[in-house]
Amino acid sequence: MPSGLTTWFMGGCALFHVPTVMAIGGYRPWWIYGYEEPELAARLFAAGHRIWYDASVLVEHNQFYNPAERRDFGEYDYLYARNAVLLTSMNFPLPLGLPLGIARSVRRAFLFKRNFVRKSVGLLAGIGLTVARWRERTPMSWAAAREWQRLNRA
């Protein structure tokens, strides 16, 4: 992919201007993990900041697990299903964000065929947390949401 604007980053290969990230609240402490980087990126985007991908920089991330570090796929699938909803319901205008988040969560459920019950509970938890954390929503403008969608398709 050529250098240019993007709407996301991966935590292991990002340079941050810490005061800028802290000005929007940093990572949401209750988020845990799963789409935490795109969620932070969405709030940066809504605040008028842009993320630049530099193709000349190569970061190699070798993540492996030894037998004592097995991933809890029940928790993993629950959090990704929940946070797929929250990513857009918390950061987009609600009529766009909530359906988009639900669709993303359902798509993941069928893409990775395991833990359907945990994923279903996660999807419902995402909807519930959208309501429970309503005051913490940081919806971007409709124009920013359209720009975000356009950049995501590029």
Side-chain angles (χ1 to χ4, degrees), residues 1-54 61 63 71-154:
M1 161 173 158
S3 295
L5 289 176
T6 184
T7 57
W8 58 273
F9 59 87
M10 294 302 293
C13 57
L15 277 169
F16 290 120
H17 181 253
V18 174
T20 300
V21 172
M22 296 312 294
I24 62 159
Y27 287 105
R28 295 183 195 261
W30 49 268
W31 198 269
I32 307 175
Y33 68 84
Y35 293 121
E36 69 276 16
E37 289 99 352
E39 199 280 328
L40 180 62
R43 287 187 289 123
L44 286 165
F45 193 87
H49 303 288
R50 297 298 178 260
I51 298 169
W52 181 263
Y53 167 71
D54 185 345
H61 179 81
Q63 183 172 350
R71 176 171 273 168
D72 178 349
F73 282 107
E75 176 189 66
Y76 179 90
D77 290 333
Y78 166 82
L79 288 173
Y80 270 92
R82 181 192 81 164
N83 294 348
V85 174
L86 292 170
L87 170 60
T88 51
S89 70
M90 296 295 285
N91 295 300
F92 279 41
L94 197 62
L96 172 63
L98 187 58
L100 188 60
I102 291 170
R104 176 177 282 130
S105 185
V106 169
R107 184 186 71 190
R108 276 191 62 88
F110 288 104
L111 186 62
F112 303 106
K113 299 178 186 323
R114 64 174 183 245
N115 296 319
F116 282 109
V117 172
R118 295 296 306 265
K119 290 175 182 176
S120 299
V121 172
L123 187 150
L124 294 173
I127 296 168
L129 271 177
T130 299
V131 175
R133 300 223 175 236
W134 186 262
R135 290 187 176 147
E136 297 174 49
R137 287 184 72 246
T138 52
M140 60 183 76
S141 68
W142 280 97
R146 283 191 299 276
E147 182 184 356
W148 174 280
Q149 293 290 75
R150 183 185 58 76
L151 282 171
N152 262 339
R153 287 188 202 106

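The basis for the numbers below is simple: all heavy atoms, side chains too, and nothing from hydrogens, waters or symmetry mates.
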Notebook entry, point to check: Out of curiosity, Ile24 CD1 to Leu44 CG, how far, rounded to the nearest 0.5 Å?
Noted result: 3.5 Å

Next item on the list: Could you list the residues that satisfy side chain to side chain donor-acceptor pair (under 3.5 Å) with Ser141, not counting sequence neighbours?
Entry: none

Just distance, no hydrogens or angles: give the donor-acceptor pairs under 3.5 Å from side chains in residues 108-116, sequence neighbours left out.
from, atom 1, to, atom 2, distance (Å)
Lys113, NZ, Phe110, O, 2.9
Arg114, NE, Asp77, OD1, 3.4
Arg114, NE, Asp77, OD2, 2.7
Arg114, NH2, Asp77, OD1, 3.1
Asn115, ND2, Phe73, O, 3.2
Asn115, ND2, Asp77, OD2, 2.7

Margin query: Between Tyr53 and Leu5, is the side-chain contact (heavy atoms from CB on, under 4.5 Å) condition met? List the steps.
Written below: CA-CA 6 Å; Tyr53 167 71; Leu5 289 176; over 6 Å; no

Checklist line | Residue pairs involving residues 78-97 (criterion salt bridge (charged side-chain N to carboxylate O under 4.0 Å, His left out); sequence neighbours excluded) | finding: none

Margin query: One pair to check against side-chain contact (heavy atoms from CB on, under 4.5 Å): Val85 and Ile127. What are the steps and the verdict?
Written below: CA-CA 7 Å; Val85 174; Ile127 296 168; 4.3 Å; yes

Notebook entry, point to check: Closest heavy-atom contact between Phe9 and Ala41?
Noted result: CE2-CB, 3.6 Å

Note to self: On a heavy-atom basis, which atom in Ala125 and which in Tyr78 lie closest, and how many Å separate them?
What the structure shows: CB-OH, 3.4 Å

Next item on the list: Mind checking ring pair (Phe, Tyr, Trp, His ring centres under 6.0 Å) for Tyr35 and listing every partner two or more places apart, or none if nothing turns up?
Entry: Tyr80

Notebook entry, point to check: Under 3.5 Å, is there a donor-acceptor pair between the side chain of Thr130 and the main chain of Gly126?
Noted result: yes

Note to self: To the nearest 0.5 Å, what is the distance between CG on Leu86 and OG on Ser105?
What the structure shows: 9.5 Å

In a table with atom names and distances, give each donor-acceptor pair under 3.5 Å that connects a side chain of residues 145-154 to protein atoms at least two apart or in another chain.
from, atom 1, to, atom 2, distance (Å)
Glu147, OE1, Arg50, NH2, 3.2
Asn152, OD1, Thr7, OG1, 2.5

Item checked: Main-chain N/O of Asp54 paired to Ser3 side chain as donor or acceptor, under 3.5 Å -> no

Next item on the list: Drop me the distance from Trp8's CH2 to Leu40's CG, to the nearest 0.5 angstrom.
Entry: 14.5 Å

Item checked: Pairs satisfying salt bridge (charged side-chain N to carboxylate O under 4.0 Å, His left out), at least one member in residues 126-137, at least two apart -> Arg133-Glu136

Notebook entry, point to check: How far does OH of Tyr76 sit from CD1 of Ile32, to the nearest 0.5 angstrom?
Noted result: 14.5 Å

Check: Would you find a donor on one side and an acceptor on the other, under 3.5 Å apart, between the side chain of Ser89 and the backbone of Leu98?
Finding: no

Margin query: Do Glu39 and Asn91 pair up side chain to side chain, a donor and an acceptor below 3.5 Å, judged on atom types alone?
Written below: yes

Check: Do you know the tightest heavy-atom contact between Trp31 and Leu87?
Finding: CH2-N, 3.6 Å

Notebook entry, point to check: To the nearest 0.5 Å, what is the distance between CD (Glu36) and CZ (Arg28)?
Noted result: 13.0 Å

Margin query: For the backbone of Tyr33 and the side chain of Asn83, can you confirm whether one donor and one acceptor N or O come within less than 3.5 Å of each other?
Written below: yes

